[in-house]
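Worksheet: the structure to be examined is printed underneath.
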Amino acid sequence: MDRRVTVTVLVAAVLTQVSCSSFGWKRVWSAQVSGFSWKNCGQLDDPAVLKTLSVSPDPISIPGDLTASASGSTSVELSAPLALNVTLEKEVAGFWVKVPCLEEVGSCHYQDACDILNQLIPPGQDCPEPLHTYGLPCRCPFKAGSNVTPELCDFYLPNVDLPYWLTNGNYRVQGVLGSQGKELGCLELTLSIHSD
Ligand SMILES: *[C@@H]1O[C@H](CO)[C@@H](O)[C@H](O)[C@H]1NC(C)=O
């Protein structure tokens, strides 16, 4: 379940960013995300592991429909504060170059991923589907051992605002989740972005 949390948080971090339109952001009317892949990048004994993650179609169009499913598990309870270190890299001339943390997006350290979830989905509000239907949590704490049954679910991706520096190319994003100085899990995603 944890990796799933990580993914949720990564997506959450992105969504948080795309929802604020200020200087430094650009409205994207048409973009494609292709070549999506993922892997666990932590230690073998990390308590939290993503087991499955699938996203379709390839390429994903923005705006457009997205189908996704994920499952994972954690052997310890994930509770606040959950540190999240994100490293975002862009491929430039065959090398991965780290993108700095700008306006809370990029390679940033977040003190508490639980806090981000609480801001996105205020306590008291129902969890988004399909979590709500299956009685799955979307906020901390996430109980140990929870497994998420892979469930295909459809999303509609609207027009978004992206940071001006997010130009066409290949990206790699790594998220490391930790608590009390211990690594809980690590997830790496790679994808290509193309917008007209
Ligand atoms: C995040 O990075 C900081 C600084 O490098 C480090 O002290 C901390 O342990 C890291 N946390 C995680 C969860 O990796």
Side-chain angles (χ1 to χ4, degrees), residues 1-20 24-25 33 36-55 68 70-92 95-123 127-128 131 136-148 162-163 165-166 169-191 193:
M1 166 134 241
D2 151 50
R3 291 321 175 106
R4 177 177 179 72
V5 175
T6 311
V7 176
T8 309
V9 170
L10 292 176
V11 171
V14 171
L15 291 179
T16 312
Q17 302 318 322
V18 298
S19 61
C20 53
W25 300 82
V33 175
F36 181 87
S37 71
W38 67 277
K39 67 175 183 192
N40 291 304
C41 48
Q43 310 295 318
L44 284 175
D45 59 353
D46 270 6
V49 180
L50 187 69
K51 291 180 171 169
T52 65
L53 176 63
S54 70
V55 176
S71 68
S73 69
T74 174
S75 59
V76 298
E77 178 171 282
L78 304 178
S79 53
L82 278 184
L84 175 66
N85 284 355
V86 175
T87 305
L88 177 67
E89 294 168 301
K90 180 177 193 210
E91 193 176 358
V92 179
F95 293 96
W96 289 105
V97 178
K98 188 168 164 179
V99 176
C101 186
L102 297 167
E103 297 186 67
E104 299 275 296
V105 197
S107 302
C108 304
H109 293 175
Y110 303 95
Q111 304 283 355
D112 187 9
C114 296
D115 209 39
I116 300 175
L117 288 176
N118 283 338
Q119 283 170 31
L120 287 171
I121 312 155
C127 288
L131 300 180
L136 296 170
C138 58
R139 290 177 216 98
C140 303
F142 295 88
K143 292 198 184 90
S146 337
N147 266 279
V148 179
L162 294 177
W165 48 260
L166 200 70
N170 298 330
Y171 288 89
R172 181 162 79 182
V173 56
Q174 196 180 80
V176 180
L177 202 58
S179 177
Q180 295 165 348
K182 278 197 178 157
E183 181 175 312
L184 296 175
C186 175
L187 182 68
E188 185 177 301
L189 308 176
T190 55
L191 47 83
I193 295 178

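Values in this document were obtained by computation on a predicted structure and should not be read as measured data. We count ligands from 1, going down the list as the structure has it; atoms in each ligand are counted the same way.
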Review point. Is N85 reaching over with its side chain to a backbone N or O of V176, donor-acceptor style, under 3.5 angstrom?
Key: no
**Study point:** Under 3.5 Å donor-acceptor, S107 side chain and L88 backbone
**Key:** yes
Point to revise | Side-chain heavy-atom pair L82, D112 within 4.5 angstrom cut-off | key: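 The answer is yes, as the side chains (C-beta and beyond) meet within the 4.5 Å cut-off.
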Is there any protein N/O under 3.5 Å from an N/O of ligand 1, and what does the full list of such pairs look like?
unit_1: ligand 1; atom_1: 2 (O); unit_2: N85; atom_2: ND2; d: 2.2
unit_1: ligand 1; atom_1: 11 (N); unit_2: N85; atom_2: ND2; d: 2.9
unit_1: ligand 1; atom_1: 14 (O); unit_2: N85; atom_2: ND2; d: 3.2

Check your understanding: Shortest non-hydrogen contact from V86 to G106?
Key ->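 Shortest heavy-atom separation between V86 and G106 comes out as CG1-O, 3.5 Å.
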**Study point:** Minimum-distance pair of heavy atoms, taken over all atoms of C138 and L117
**Key:** O-CD1, 3.6 Å
Exercise for review: Can you tell me which residue pairs pass the salt bridge (Lys or Arg N to Asp or Glu O under 4.0 Å) test with a partner in residues 169-178, sequence neighbours excluded?
Suggested key: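 Those involving residues 169-178 are E89-R172.
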